[in-house]
Amino acid sequence: MNVPFMDLRAQYAGIKHEIEPAVLGVLERAEYVLGPAVESFERDFAAYCDCDHAVAVNSGTSALHLALLAAGVGRGDEVITVSATFVATVAAVLYTGATPVLVDVDPVTLAMDVEQCAVAITPRTRAILPVHLHGLPADLGPLVELAAAHGIPLIEDAAQAHGATYQGRKVGSFGSMGCFSFYPGKNLGACGEGGAVTTSDPDLARKLRMLRDWGSERKYHHEVQGFNYRMEGVQGAVLGVKLRHLDGWTASRQRAAGIYLDELRASGLGLPSTPADRTHVYHIFGARLPQRDAVQRRLAEAGIQTGIHYPVPVHLQPAYRDDVRVLGDLPATVRAFDELLSLPLFPEITPEQISYVCEHVRKSI
Ligand SMILES: *Cc1c(COP(=O)(O)O)cnc(C)c1O
């Protein structure tokens, strides 16, 4: 048996009959950049995230960059975030000229350690940027309180967590802004690059719309220095169709994760665990094994493709280590990133494929 890590072709085959007419419509009407399909997706995605506004951009990285700028982050400021993330979170802070201050994570949920975050706050802190890693929301209640007590904006990196909830409410609606990626492999993926910032603050929404389109509301009249971060019409059409399927795909991911959890419970592996006040949307199913690399090799020999998200935390990456400030040596982050192995999980994976993976995981440890 062969088990791929994910299968975007299987997903496309299931919705081809809906995607193709939507995309052809955009092409025929020549609505190449922004336009009605993007606006309609923005309305639907804002409602989906329990927010008043969504501003569509050309990647998750652009979403983070613009959210930080809209919050007023710039040179000389500090932004508290985590090293346990994809580099884009930290890179977006550097784009603004601010210094990323990296704190450790909870060893079980892998989400920003709230006490460490409190310790890292200084008079220069201009934003707190937690990450909903692998699709599990960070501990948003205490983070919202902490940010409010200090008058610091909270910005969520929700790039891996479309539709995940904390105390019944969707991520992206807790901070002053939420940042999403629609990279093809994400839980909601474009046929190319894409991203969005969600907010319920009309002034922030207006700033974000200006910043993504050269800082102008009226063509060729520039109020602020902005960027070309606009979403393409084709991506808006694709995402509008796919958003209608997202809850179904998430339920399939959760069912698959449930089978993994049942079949591996007795194996002694560290498995993802979801606090009772949150839902996990399993962008990644990360199991923890001290002998991770050997197990990965054995699984590959059995035709099972796995991933590592991520092999090196950001504060140890050569490109970033000299430009970040780190609170301590982040033992929970370093240990988790040495042990995490991402098992195959995508909406179309079959129970037979999952059982095959579990059988080989049990044999390999
Ligand atoms: C994917 C991702 C991003 C960046 O999104 P792009 O669309 O690839 O630019 C940012 N943060 C996290 C946590 C991600 O997983």
Side-chain angles (χ1 to χ4, degrees), residues 5 58-69 73-107 109-113 116-117 119-120 122 124-135 138 155-160 179 181 183-186 193 195 227 229 283-284 286-297 300 305-342:
F5 182 66
N58 62 350
S59 74
T61 307
S62 302
L64 287 161
H65 185 194
L66 291 195
L68 290 161
L69 291 175
V73 174
R75 204 160 297 283
D77 295 331
E78 295 172 359
V79 174
I80 302 172
T81 186
V82 292
S83 184
T85 185
F86 178 60
V87 291
T89 315
V90 174
V93 176
L94 291 169
Y95 290 177
T96 68
T99 302
V101 177
L102 308 183
V103 300
D104 212 357
V105 292
D106 178 276
T109 62
L110 308 178
M112 179 181 274
D113 181 318
Q116 295 276 299
C117 177
V119 169
T122 75
R124 290 173 177 249
T125 307
R126 245 330 163 81
I128 297 174
L129 177 57
V131 178
H132 307 314
L133 192 72
H134 295 175
I155 300 173
E156 300 169 62
D157 183 341
Q160 303 189 353
C179 302
S181 165
Y183 183 74
K186 297 287 161 82
E193 306 277 356
F227 301 84
Y229 281 174
H283 173 57
I284 297 288
R288 292 180 61 167
L289 320 95
Q291 62 294 47
R292 184 241 338 253
D293 295 341
V295 174
Q296 184 176 42
R297 269 195 305 279
Q305 202 181 38
T306 57
I308 295 178
H309 302 90
Y310 299 87
V312 182
V314 182
H315 73 291
L316 301 178
Q317 298 277 1
Y320 295 100
R321 63 184 171 211
D322 297 333
D323 291 329
V324 299
R325 197 168 307 150
V326 187
L327 197 78
D329 45 15
L330 313 186
T333 299
V334 170
R335 172 130 193 249
F337 277 36
D338 278 343
E339 296 180 348
L340 277 166
L341 182 68
S342 312

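In this text the structure is predicted, and so the values were computed from the model without any measurement. All values below were derived from every heavy atom in this structure, side-chain atoms included, with hydrogens, water molecules and symmetry-related copies excluded.
- Proximity of a side-chain donor or acceptor of E339 to a complementary backbone N or O of R288 within less than 3.5 Å is not detected.
- With a 4.5 Å cut-off on side-chain heavy atoms, H315 and V326 count as touching.
- Looking only at distances, no side-chain donor or acceptor of R292 sits under 3.5 Å from a matching main-chain atom of A287.
- Side-chain atoms of D113 and V105, non-hydrogen and from C-beta on, never get closer than 4.5 Å to each other.
- Taking 4.5 Å as the limit, some side-chain heavy atom of I155 sits within range of a side-chain heavy atom of C179.
- Side chain to side chain, Q296 and T306 meet the donor-acceptor criterion of an N or O pair below 3.5 Å.
- The neighbour count for Y183 OH, taken as heavy atoms of other residues, nucleotides or ligands under 6.0 Å away, does not exceed 12.
- Judged as a salt bridge (charged side-chain N to carboxylate O under 4.0 Å, His left out), the pairs with a partner in residues 76-90 (not counting sequence neighbours) are, in order, E78-R325.
- Applying side-chain contact (heavy atoms from CB on, under 4.5 Å) to L102 and the options V82, L327, V90 leaves one that passes, V90.
- Counting only distance, with no hydrogens or angles, the side chain of S83 and the backbone of V314 share a donor-acceptor pair below 3.5 Å.
- Between V131 and T81 there is a side-chain heavy-atom pair separated by less than 4.5 Å.
- Rounding to the nearest 0.5 Å gives a distance of 8.0 Å between NE2 of H309 and CD of Q160.
- R75 contributes no side-chain N or O that, together with a main-chain N or O of T96, makes up a donor-acceptor pair within less than 3.5 Å.
- Counting heavy atoms from C-beta outward, T99 and V324 have side chains that stay 4.5 Å or more apart.
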Quick one: do I128 and C117 satisfy side-chain contact (heavy atoms from CB on, under 4.5 Å)? Show the steps, please.
CA-CA 8 Å; I128 297 174; C117 177; 3.7 Å; yes
Please determine whether side-chain contact (heavy atoms from CB on, under 4.5 Å) holds for the pair V101 and V79, giving the CA-CA distance in whole Å, both sets of side-chain angles, and the decisive distance to 0.1 Å.
CA-CA 6 Å; V101 177; V79 174; over 6 Å; no
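- In this structure, the side chain of H132 engages the main chain of A138 through a donor-acceptor pair within 3.5 Å.
- For the atom pair CG (L64) and OH (Y95), the distance works out to 9.5 Å, reported to the nearest 0.5 Å.
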